[in-house]
Amino acid sequence: MGRPNPPLFSNPRLPLFAGAALISLSPVWVKLVSVSPTVSGFYRVLIGGGALAIFLLVTRRRLALSRRTLLVLLAAALFFAADLWSWHRSIGYVGPGLATLLGNFQVFFMTLAGFLLLGQRPAARQLIAIPLALLGLALIVGIDWRALSADYRLGILFGLVTAVTYAGYLLCLREARANTVHRSAAREVAVVSLLTAALLGMATAAEGVPLTIPSAADAGWLLSYGIVSHCVGWLLIAGSLPRVSAAAAGIALLLQPTLSFAWDVLFFARGITLQELLGAAIVLGAIYLGSR
């Protein structure tokens, strides 16, 4: 394998934060379309991966990925499909707030994997930032344990599965991009997206969920979802993952649920309380502390 090309950005945290900001728009697109979250997730990865595949064909760029990298990307697709599938079911049992909080426990699994598998000892400030950020998220989502259904244990289990599979997806993407000779992550993101679309398509078929798009407006929102949030967002994130520690990546991606909350306030006139505002401030402070 040739020598890796220099990265597109000198500061790896900038595209990581930009990518987190773009994928934070995901709940906006999901709210705007009149299809189920699982179906919107299918079109998200299909459209994003298809756009990147067209880009690679038009620019006549060879796939040029080793067999080992392709196997790692297949593992990433399995993790990502399981992440989306389990997250949507966690939402159904415990609601979007707690499901989002549980899914972002990925930061613990990312830090643990970085220490055990990659030999990355987390800094003291990161060990402080992680529980601080999760406390802030808990204040934002405002969990009312009394309002949970009798099936909340199953919902919590799905939420923790979401966290584990999300961390697995990020680590596999990181591995696929390590020592690459390509400056852009277009190849890796295209492959993992199309593989994930195939897996989600099989899952929806097995569940008997139709993949029809009701209107042209829905098609437009799904197109925006796939291009803006998935295609561009994950290109930026995937390109940055090998250049930061696993703990730093997990902390930086906590920006996603925080900004998703902000878009809910700005775009859908969601009310905001002092507790939620305090939670958002705590998360942002923790991200700054852990990403310095």
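Counting from 1, the numbers follow the sequence of the chain as shown.
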**OP:** Could you go through the side-chain contact (heavy atoms from CB on, under 4.5 Å) check for Arg177 and Leu241 one step at a time?
**Re:** CA-CA 8 Å; Arg177 286 292 297 162; Leu241 286 176; 6.0 Å; no
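- Residue Trp221 qualifies as open at atom CH2: its count of foreign heavy atoms under 6.0 Å is 12 or below.
- Residues passing the side chain to side chain contact (heavy atoms under 4.5 Å, CB included) test with Leu223, sequence neighbours excluded: Ile47, Ile227.
- No side-chain donor-acceptor contact under 3.5 Å links Arg174 to the backbone of Ser245.
- Closest non-hydrogen pair, Pro15 versus Leu236, comes out as O-CB, 3.4 Å.
- A centroid separation of less than 6.0 Å is found between the aromatic rings of Trp234 and Tyr169.
- Side-chain contact check for Ser26 versus Arg44: some heavy-atom pair is nearer than 4.5 Å.
- Applying the salt bridge (Lys or Arg N to Asp or Glu O under 4.0 Å) definition to pairs two or more places apart or across chains, those involving residues 73-93 are Arg89-Glu207.
- In terms of modelled atom types and a separation under 3.5 Å, the side chain of Tyr43 and the main chain of Leu211 share a donor-acceptor contact.
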**OP:** Check the pair Leu102, Phe158 against side-chain contact (heavy atoms from CB on, under 4.5 Å), reporting the backbone distance first and the verdict last.
**Re:** CA-CA 9 Å; Leu102 291 170; Phe158 277 126; over 6 Å; no
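- A chain of hydrophobic side-chain contacts below 4.5 Å, direct or via other Ile, Leu, Val, Met, Phe, Trp or Tyr residues, connects Phe267 to Leu32.
- Residue Val72 is not grouped with residue Leu170 when hydrophobic side chains (ILVMFWY) are merged at heavy-atom distances under 4.5 angstrom, including chains of intermediate members.
- Heavy atoms only, all atoms of each residue included: Ala76 and Leu173 are closest at CB-N, 4.5 Å.
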**OP:** List the steps, then state whether side-chain contact (heavy atoms from CB on, under 4.5 Å) holds for Thr38 with Val209.
**Re:** CA-CA 9 Å; Thr38 303; Val209 178; 5.9 Å; no
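- Shown here for Ile23 and Ser229, the closest heavy-atom pair between the two residues is CG2-O, 3.2 Å.
- There is no path of hydrophobic side-chain contacts, each under 4.5 Å, that joins Leu65 to Leu71.
- At least one side-chain heavy atom of Pro214 sits less than 4.5 Å from a side-chain heavy atom of Val35.
- The distance from the CG atom of Leu253 to the CG atom of Leu16 is 5.0 Å, given to the nearest 0.5 Å.
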**OP:** Report the C-alpha separation of Thr165 and Trp85 in whole Å, then their side-chain angles, then the decisive distance to 0.1 Å, and conclude whether the side-chain contact (heavy atoms from CB on, under 4.5 Å) test is met.
**Re:** CA-CA 10 Å; Thr165 51; Trp85 187 88; over 6 Å; no
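- Here Trp29 contributes atom CH2 and Asp218 contributes atom CG; the two are 13.0 Å apart, rounded to the nearest 0.5 Å.
- Side-chain atoms of Thr162 do not come within 3.5 Å of backbone N or O of Gly103 as any donor-acceptor pair.
- One hydrophobic cluster, built from ILVMFWY side chains closer than 4.5 Å, holds both Leu255 and Leu277.
- Between the Ser24 side chain and the Ala21 main chain, a donor and an acceptor come within less than 3.5 Å of each other.
- Counting non-hydrogen atoms of other residues, nucleotides and ligands closer than 6.0 Å to CG of Leu116 gives a total above 12.
- Between the CG atom in Leu78 and the OG1 atom in Thr196 there is a gap of 8.0 Å [rounded to 0.5 Å].
- Proximity of a side-chain donor or acceptor of Asn104 to a complementary backbone N or O of Leu254 within less than 3.5 Å is not detected.
- Across Val30 and Ser40, no two heavy atoms sit closer than the pair CG2-OG, 3.8 Å.
- Between the side chain of Ser90 and the backbone N or O of Ser86, no donor-acceptor pair lies under 3.5 Å.
- Interatomic distance, CZ of Arg125 versus CG of Leu132, reported as 14.5 Å (0.5 Å rounding).
- The line from CG of Leu117 to CD of Glu175 is 10.0 Å long, rounded to the nearest 0.5 Å.
- Hydrophobic clustering (ILVMFWY, side-chain heavy atoms < 4.5 Å, transitive): Val192 and Leu56 are in distinct clusters.
- Looking at heavy atoms from C-beta onward, Val33 lies out of side-chain contact with Tyr225 at the 4.5 angstrom threshold.
- In Phe115, the CZ atom is not crowded: 12 or fewer heavy atoms of neighbouring residues, nucleotides or ligands sit closer than 6.0 Å.
- Considering all non-hydrogen atoms of both residues, Val107 and Ala247 come closest at CG2-O, 4.5 Å.
- Put simply, CZ on Phe261 and CG on Leu266 are 9.5 Å apart, with the number rounded to the nearest 0.5 Å.
- Nearest approach of Leu127 to Pro122, heavy atoms of both residues: CD2-CG, 3.8 Å.
- Between the side chain of Gln120 and the main chain of Ala246, a donor-acceptor pair closer than 3.5 Å is present.
- The backbone N or O of Gly250 sits less than 3.5 Å from a side-chain atom of Gln106, completing a donor-acceptor pair.
- For the pair Thr111 and Gln126, the minimum side-chain heavy-atom distance is 4.5 Å or more.
- For the pair Phe80/Val45, a side-chain contact is recorded, criterion being any heavy-atom separation below 4.5 Å from C-beta on.
- Residues Leu259 and Leu25 are not in side-chain contact: their nearest non-hydrogen atoms beyond the backbone lie 4.5 Å or more apart.
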